[in-house]
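Contents: one structure, followed by commentary.
Ligands are counted one by one from 1 in listed order, and the atoms in each one are counted from 1 as well. Residue numbers count from 1 along this sequence.
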Amino acid sequence: MIAVLLLAPILAAQAVPAGEDPVDPYTQSNANAGATPFTGDSMWRAFREREGVARIVEGMVTRNLADPRISDIFKNQDLVRLRRTLNEQFCYILNGGCAYTGRTMRDAHKDMGIQTADMTALVENLQAAMRAEHVAFAAQNRFLAKLAPMRRDVLQRPAR
Ligand code: HEM
């Protein structure tokens, strides 16, 4: 049973045939991550480094999928890719030394119709995931402050 659970993500990863990336071509760059990294290693350590970030991303994604407010938005999306790029993005911003290979926030969320309430729900789920990892409250808020300016690229009709 445990072996099945461990293999599930690998099998899911193979669902996309090799060499067929359904995402439109784009130039990979850390600049796509939407924020500059923190300096020093205090934030990276506050998030328990790579394993902690992996648990936080998983906690957030799992909560999003179970959240009736926003679960529909994640249906039929490439969640293997989403988990990977979120890990890269968080690690890059927390100065964990990762490269971000995903799209810009504007391109990734284009035409999804994401509204302010959806953003609120996602942030609440991220906060719950950070709390579960015992990330200090001040560090949580410093991280959220890095993400906050991205709302104008994520929201379909941002307030002007
Ligand atoms: C500051 C807030 C947010 C951040 C930092 C963020 C981050 C990301 C990242 C890194 C990706 C992957 C990019 C790629 O595939 O190249 C992504 C994709 C996605 N995001 Fe967000 N996101 C945010 C807000 C939201 C909100 C509010 C929703 C909906 C409630 C959402 C739903 C999605 C979905 C469904 C995808 C998959 C898109 C696809 O595969 O085509 N995101 N996001």
Between [Y] and [X], does any NZ, NE, NH1 or NH2 come within less than 4.0 Å of an OD or OE carboxylate oxygen?
{"X": "Asp107", "Y": "Lys110", "value": "no"}
{"X": "Arg131", "Y": "Glu124", "value": "no"}
{"X": "Glu88", "Y": "Arg84", "value": "yes"}

Applying a 4.0 Å heavy-atom criterion (strictly less than), which segment of Arg103 is in contact with ligand 1: side chain, backbone, both, or neither?
->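 Answer for Arg103: both.
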Side chain, backbone, both or neither: Tyr100 near ligand 1, heavy atoms under 4.0 Å =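 Tyr100 to ligand 1: side-chain contact only, backbone stays beyond 4.0 Å.
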So, Asn87 side chain and Arg50 main chain: donor-acceptor pair closer than 3.5 Å or not?
->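 No; judged by distance alone, with no hydrogens or angles, the pair does not exist.
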Which atoms of ligand 1 are found less than 4.0 Å from any heavy atom of [X]?
{"X": "Leu82", "value": "11 (C), 12 (C), 17 (C), 18 (C), 19 (C), 43 (N)"}
{"X": "Ile114", "value": "26 (C), 27 (C), 28 (C), 29 (C), 31 (C)"}
{"X": "Gly102", "value": "16 (O)"}
{"X": "Val154", "value": "24 (C), 25 (C)"}
{"X": "Arg81", "value": "14 (C), 15 (O), 16 (O)"}
{"X": "Met150", "value": "1 (C), 5 (C)"}
{"X": "Gln89", "value": "5 (C), 7 (C), 10 (C)"}
{"X": "Ala108", "value": "13 (C), 38 (C)"}

CZ of Arg83: more than 12 outside heavy atoms within 6.0 angstrom?
->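 Yes, because the 6.0 Å sphere around CZ of Arg83 holds more than 12 heavy atoms from other groups.
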Is it the case that more than 12 heavy atoms not belonging to Asn76 sit under 6.0 Å from its CG atom?
->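 No, CG of Asn76 has 12 or fewer neighbouring heavy atoms, counting only those of other groups under 6.0 Å.
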Which of these, [options], has its nearest heavy atom closest to [atom]?
{"atom": "atom 22 (N) of ligand 1", "options": "His109, Glu88, Met119", "answer": "His109"}
{"atom": "atom 30 (C) of ligand 1", "options": "Leu155, Asp67, Val57, Ile73", "answer": "Ile73"}
{"atom": "atom 36 (C) of ligand 1", "options": "Lys75, Met112, Lys146", "answer": "Met112"}

Rounded to the nearest 0.5 Å, how far apart are [atom1] of [X] and [atom2] of [Y]?
{"X": "Glu58", "Y": "Leu86", "atom1": "CD", "atom2": "CG", "value": "10.5 Å"}
{"X": "Asn125", "Y": "Asp67", "atom1": "CG", "atom2": "CG", "value": "4.5 Å"}
{"X": "Ser29", "Y": "Tyr100", "atom1": "OG", "atom2": "OH", "value": "10.5 Å"}

What protein heavy atom sits nearest [atom], and how far away is it?
{"atom": "atom 39 (C) of ligand 1", "value": "Gln77 OE1, 3.2 Å"}
{"atom": "atom 12 (C) of ligand 1", "value": "Thr85 OG1, 3.2 Å"}
{"atom": "atom 4 (C) of ligand 1", "value": "Met105 SD, 4.0 Å"}
{"atom": "atom 26 (C) of ligand 1", "value": "Leu122 CD1, 3.6 Å"}

Between Asp41 and Asn95, does any side-chain donor sit less than 3.5 Å from a side-chain acceptor?
->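 No pair is found: no donor N or O on one side chain lies under 3.5 Å from an acceptor on the other.
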Could you pull out every donor-acceptor pair under 3.5 Å between side chains of residues 134-147 and any protein atom, sequence neighbours left out?
residue	atom	partner	partner atom	Å
Gln140	NE2	Val135	O	3.0
Lys146	NZ	Thr36	O	2.7
Lys146	NZ	Thr36	OG1	3.3

